[in-house]
Amino acid sequence: MNTINLETLIQVLSKKMNQPIARAEYEAKDLQGGTVGNVLHLTGMAETQTGDRISFQLVHKTTNKWERYADPNSWRREYDLYHSGLGNLFLPTMRWPICYHAEIRDDAHFLWLEYIDGVSGLDLTADMYARAAEELGRLQGKLYATQPPELLAIQNVGVADAMEHFYYHYKSWDVVHNAVRSDASEIPKHLCQMIIDADESAESVFRQIKKLPLVFCHRDFWVTNILYRDGEIGLIDWDTAGWGYLGEDIASLIADEADIENMVVYYHACTAAYRRGFLEYADISMISNLYVRERIILHYGYRLVEWFLNADTPELKKQHIDTLQKIFEMEGGI
């Protein structure tokens, strides 16, 4: 666990509470972590210079320097985005956490963020899924229609073809490529054929996707990064954000750590809600297909095969097969 600089904490609390803070005491608990950084939830009491005591919650996030495939500067992207004008472009109903302080040193960056206490992960209900999709569509529609200079000036963003690069990178891995083509594969034949068919049409599909409007994507729009509170959506973890094509984030919402039982229902409901939100700002009524199902297969098909191959229990293997089966059951053309 990282050591919290008490002097910086007091500066952050003074900014957050809009008054001088004399001292503070806190407890820190891990929210999440990994090899490149960690996220701490700070709770405690702040004491003002007049002796008043005020409870607080904060998030302290550390990200160490590392190189993501085809996106070497993603490790510092959130730091750069918080220093851009992006925060001024959000809607009241969809935003990121307020950043009270950000610094970068010794190949790591440190963010002091607002703690948003909301429903997240697989606790999200069907209505919350749809609300997240609609608010994302509304935000992307606004940015697409207005083309704000603050957004266009941001330099450290992911490239538009990131999903395509990711697909071809995975497809080139013999272990997963051969697994769906082996006569001895444990994966049901119709699911293997779904992935093979997607391979054969991938070039054509990507050509069609590139005809869709170019929008600013979160690129990690899955349930763990979505926080629902009182009808509003908080969206965290912006390190993969960048330019992409209309509908890309909806593929992540549906398939990344999927609510397997409801995948097909959410696929239809969230795509419709996303369209509805985008249409408030920009006319996309002439676009009949967002290629969400196709992108789900291309982006997650081989990943699910990998997870199946590496699963160490029958329950996990079944989970990945069930996810592929739900993708198979989706209808395209929405």
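We use all heavy atoms of the structure for the numbers below, so side chains are in, but hydrogens, waters and symmetry mates are not.
Checking side-chain atoms of Asp220 against main-chain N and O of Thr240 turns up no donor-acceptor pair under 3.5 Å. Here the side chain of Tyr266 pairs no donor or acceptor atom with the backbone of Tyr129 at under 3.5 angstrom. In terms of modelled atom types and a separation under 3.5 Å, the side chain of Glu150 and the main chain of Gly85 share no donor-acceptor contact. A donor-acceptor pair under 3.5 Å links the side-chain atoms of Tyr267 to the main chain of Glu331, judged by distance alone. Remark: the backbone N or O of Ile21 is not paired with any side-chain donor or acceptor of Thr48 at under 3.5 angstrom. Between the side chain of Asn262 and the backbone N or O of Val265 there is no donor-acceptor pair closer than 3.5 Å. Side-chain atoms of Arg138 do not come within 3.5 Å of backbone N or O of Phe278 as any donor-acceptor pair. Asn178 places a side-chain N or O within donor-acceptor distance of the main-chain N or O of Asp174, the cut-off being under 3.5 Å. Between the side chain of Lys317 and the main chain of Phe308, a donor-acceptor pair closer than 3.5 Å is present. In this structure, Lys189 contributes its side chain and Asp183 its backbone to a donor-acceptor pair below 3.5 Å.
Of the charged side-chain nitrogens involved, at least one lies within less than 4.0 Å of a carboxylate oxygen, so that Glu25 and Arg53 count as a salt-bridged pair. Using a cut-off of 4.0 Å between Lys/Arg side-chain N and Asp/Glu carboxylate O, Arg131 and Glu232 are scored as not salt-bridged. Ion pair Asp199/Arg181 flagged as a salt bridge, since at least one NZ, NE, NH1 or NH2 atom sits closer than 4.0 Å to an Asp/Glu carboxylate oxygen. Taking the charged nitrogens against the carboxylate oxygens, Glu78 and Lys61 do have a contact shorter than 4.0 Å, which makes a salt bridge. A salt bridge does not link Lys29 with Glu27: none of the charged nitrogens is closer than 4.0 Å to a carboxylate oxygen. Taking the charged nitrogens against the carboxylate oxygens, Asp71 and Arg77 do have a contact shorter than 4.0 Å, which makes a salt bridge. Using a 4.0 Å cut-off between charged side-chain N and carboxylate O, Arg219 and Glu248 make a salt bridge. Between Arg76 and Asp239 there is no salt bridge, since none of the side-chain N atoms of the basic residue sits less than 4.0 Å from a carboxylate O of the acidic one. Taking a cutoff of 4.0 Å between a charged side-chain nitrogen and a carboxylate oxygen, Arg95 and Glu114 qualify as a salt bridge.
Applying the 6.0 Å contact sphere to NZ of Lys210 captures more than 12 heavy atoms from other residues, nucleotides or ligands. Residue Tyr144 qualifies as open at atom OH: its count of foreign heavy atoms under 6.0 Å is 12 or below. Atom CD of Glu203 is surrounded by 12 or fewer heavy atoms from other residues, nucleotides or ligands within 6.0 Å.
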Full working for salt bridge (charged side-chain N to carboxylate O under 4.0 Å, His left out) between Glu306 and Arg303: CA-CA 5 Å; Glu306 177 197 3; Arg303 292 173 72 181; over 6 Å; no

Might you work through the side chain to side chain donor-acceptor pair (under 3.5 Å) test for Gln11 and Tyr100, ending with a clear yes or no? CA-CA 9 Å; Gln11 293 174 357; Tyr100 301 107; over 6 Å; no

I'd like to know whether Trp96 forms a side-chain contact (heavy atoms from CB on, under 4.5 Å) with Leu86, so could you lay out the CA-CA distance, the side-chain angles of the two residues, the decisive distance to 0.1 Å, and finally the verdict. CA-CA 10 Å; Trp96 62 12; Leu86 181 62; 3.7 Å; yes

Checking side chain to side chain donor-acceptor pair (under 3.5 Å) for the pair Gln140/Asp249: CA distance, chi angles, key distance, verdict? CA-CA 10 Å; Gln140 289 183 341; Asp249 283 324; 3.1 Å; yes

Can you check side chain to side chain donor-acceptor pair (under 3.5 Å) on Glu103 and His109, steps first, answer last? CA-CA 6 Å; Glu103 56 185 295; His109 73 73; over 6 Å; no

Please report the C-alpha distance between Asn156 and Asn73 in whole Å, then the side-chain angles of each, then the deciding distance to 0.1 Å, and finally whether the side chain to side chain donor-acceptor pair (under 3.5 Å) criterion is met. CA-CA 7 Å; Asn156 184 11; Asn73 290 318; 4.8 Å; no

Take Leu253 and Leu136 through the test side-chain contact (heavy atoms from CB on, under 4.5 Å) and record every step on the way to the result. CA-CA 11 Å; Leu253 176 62; Leu136 178 71; over 6 Å; no

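The aromatic rings of Trp112 and His60 stand perpendicular to each other, their planes meeting at an angle above 60°, with 30° marking the opposite boundary. A tilted orientation is assigned to the rings of Tyr79 and His83, their planes being inclined by 30° to 60°. Using cut-offs of 30° and 60° for the angle between ring planes, the Trp243 and Phe216 rings count as perpendicular.
In this structure, Ile260 is not a member of the same hydrophobic cluster as Val292, with clusters built from ILVMFWY side-chain heavy atoms closer than 4.5 Å. One hydrophobic cluster, built from ILVMFWY side chains closer than 4.5 Å, holds both Phe166 and Val175. By the rule that hydrophobic residues join a cluster once side-chain heavy atoms approach within less than 4.5 Å of another member, Leu122 and Ile226 end up as members of one cluster. Two different hydrophobic clusters hold Leu139 and Ile116 under the rule that ILVMFWY side chains link at heavy-atom gaps under 4.5 Å. Put simply, Tyr167 and Met163 are part of two different groups of oily side chains (I, L, V, M, F, W, Y) that touch within less than 4.5 Å, one to the next.
Between Tyr69 and His169, a ring centre-to-centre spacing shorter than 6.0 Å is recorded. Centroid-to-centroid, the aromatic rings of Tyr302 and Trp173 stay 6.0 Å apart or farther. Centroid-to-centroid, the aromatic rings of Trp238 and Tyr82 stay 6.0 Å apart or farther.
Checked by atom type, the side-chain pair Glu315/Gln319 shows no donor-acceptor distance below 3.5 Å. For the residue pair Asp127/Thr125, the side-chain donor-acceptor check at 3.5 Å is not satisfied.
Here Ser74 contributes atom OG and Arg68 contributes atom CZ; the two are 3.5 Å apart, rounded to the nearest 0.5 Å. Ile233 contributes atom CD1, which lies 8.5 Å from atom CG of Leu227 (distance to the nearest 0.5 angstrom). Note that CH2 of Trp75 is 5.5 Å distant from CG of Asp107, once rounded to the nearest 0.5 Å. Taking OH of Tyr26 as the start and CG of Leu58 as the end, the distance is 11.5 Å to the nearest 0.5 Å. The CZ atom of Arg275 sits 11.0 Å away from atom CD1 of Ile250, with the distance rounded to the nearest 0.5 Å. A distance of 4.0 Å separates CD1 of Ile254 from SG of Cys270, quoted to the nearest 0.5 Å.
Taking the side chain as every heavy atom from C-beta outward, Ser185 and Val180 never approach each other to under 4.5 Å. Using a 4.5 Å heavy-atom cutoff, the side chains of Phe328 and Ile297 are not in contact. Side-chain contact between Leu40 and Val59 is absent, with no heavy-atom pair separated by less than 4.5 Å. Residues Glu200 and Asp197 form a side-chain contact, since some pair of their non-hydrogen atoms from C-beta on lies under 4.5 Å apart. Between Ile195 and Val305 there is a side-chain heavy-atom pair separated by less than 4.5 Å. Considering only heavy atoms from C-beta on, Ile284 comes within 4.5 Å of Leu246 through its side chain. Looking at Asp30 and Val39, their side chains never come closer than 4.5 Å, going by heavy atoms from C-beta outward. Side chains of Phe206 and Tyr245 form no contact here, defined as non-hydrogen atoms less than 4.5 Å apart.
Both tests do not hold together for Lys142 against Tyr281: distance to the six-membered ring centre under 6.0 Å, angle to the ring axis within 45°.
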